[in-house]
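Predicted model only: the values in this text are computed from it and were never measured. Counting begins at 1 with the first residue of the sequence.
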Amino acid sequence: MNDRSAAPGSLALVESLVNTLDLESGADALDTAEGRARFGLPENPESDADADADGAGDAGDEVARARELRESLRAALLAHAGHPPHREVTPLGELLASAPLLVTIDEHDGSARLAAAGAASLLSRTAAAVAEALIAGTWTRLKACEAVTCHWAYYDRSPAGRGRWCSMQVCGARAKMRRYRAK
């Protein structure tokens, strides 16, 4: 749905995760092995017979957590655009609070950056991306389209930062046509 260029830096991860679900068609890229692989998720979440007794390594749960993270991110991006959440979700801050991060220092130039700790789970990589975007001042520019049938993530590059739709040619045109017809 989005004819805009990708979000800058690590925000591209957040944007692409939110955009794994097409609300209009119902297609979910996390339902496919290829879609899950893009985010380092297990290839086959249904083959969990080998999962540990304590549930660790449960691939189906990992995909469910990715979906929960995606919808919490979508709610935050809708808030960036001034809209209420699309549905009841776990607060993003609550999810990201459990993501282990660490500060890494480049030995050559001394620059510091946040990185996902350990196995670099999707949650940790997302938390690092959000933290980097906060520091760079780009986090609130990542928004979700206001069209109820869309809510596609996009990076708002407008000078005033007041973009409303992922695509002016699709969602924007539909909204303007509905408003015109209502007159």
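Under a hydrophobic-cluster definition in which Ile, Leu, Val, Met, Phe, Trp and Tyr are linked whenever side-chain heavy atoms come within less than 4.5 Å, directly or via other members, Y155 and W139 are assigned to the same cluster. No continuous path of ILVMFWY side-chain contacts below 4.5 Å connects V148 to L78, so the two sit in separate hydrophobic clusters. Under a hydrophobic-cluster definition in which Ile, Leu, Val, Met, Phe, Trp and Tyr are linked whenever side-chain heavy atoms come within less than 4.5 Å, directly or via other members, L96 and L114 are assigned to different clusters.
Ion pairing between D31 and R36 fails under the 4.0 Å rule for side-chain N and carboxylate O.
In terms of heavy-atom proximity, C150 sits nearest to L23 at O-CD1, 3.2 Å. Between E146 and H151, the closest heavy-atom pair is O-CE1, 4.1 Å. Contact detail for L95 and S72: the closest heavy-atom pair is CD1-OG, 3.3 Å. Between L102 and A117, the shortest heavy-atom contact is CD2-CB, 3.5 Å. Between S5 and E15 the shortest heavy-atom distance is O-OE2, 4.4 Å. Of all the heavy atoms in A116 and A128, the pair that sits closest is N-CB, 4.2 Å.
Side-chain atoms of S111 and I105, non-hydrogen and from C-beta on, never get closer than 4.5 Å to each other. A 4.5 Å side-chain heavy-atom check between H83 and C145 finds every atom pair outside the cut-off. A 4.5 Å side-chain heavy-atom check between L77 and Y154 finds every atom pair outside the cut-off. Between R38 and S16 the shortest side-chain heavy-atom distance falls below 4.5 Å.
Judged purely by atom type and a 3.5 angstrom limit, R125 uses its side chain to pair as donor or acceptor with the backbone of F39. Side chain of H80 to main chain of L142: a donor-acceptor pair is present (N/O by atom type, distance under 3.5 Å, no hydrogens or angles). Under a 3.5 Å cut-off, the side chain of N19 and the backbone N or O of A153 do form a donor-acceptor pair. No donor-acceptor distance shorter than 3.5 angstrom exists from the side chain of R70 to the backbone of L17, with no hydrogens or angles considered.
Here the CG atom belonging to L92 is positioned 13.0 Å from the CZ atom belonging to R74, to the nearest 0.5 angstrom. Here the straight-line distance linking atom CG of L11 with atom OG1 of T138 works out to 4.5 Å at 0.5 Å rounding. R141 contributes atom CZ, which lies 5.5 Å from atom CG of D156 (distance to the nearest 0.5 angstrom).
Tested against W152 for a side-chain contact (heavy atoms from CB on, under 4.5 Å), the candidates D22, L21, V18 yield a single pass: D22. Among the candidates T90, L122, V89, the single residue satisfying the side-chain contact (heavy atoms from CB on, under 4.5 Å) test with L69 is L122.
For T20 and R67, the side-chain atoms include no donor-acceptor pair closer than 3.5 Å. Residues E132 and S10 have side chains that bring a donor and an acceptor to within less than 3.5 angstrom of each other.
In terms of the side chain to side chain contact (heavy atoms under 4.5 Å, CB included) criterion, residue partners of R65 (sequence neighbours excluded) are, by chain and number, D61, E62.
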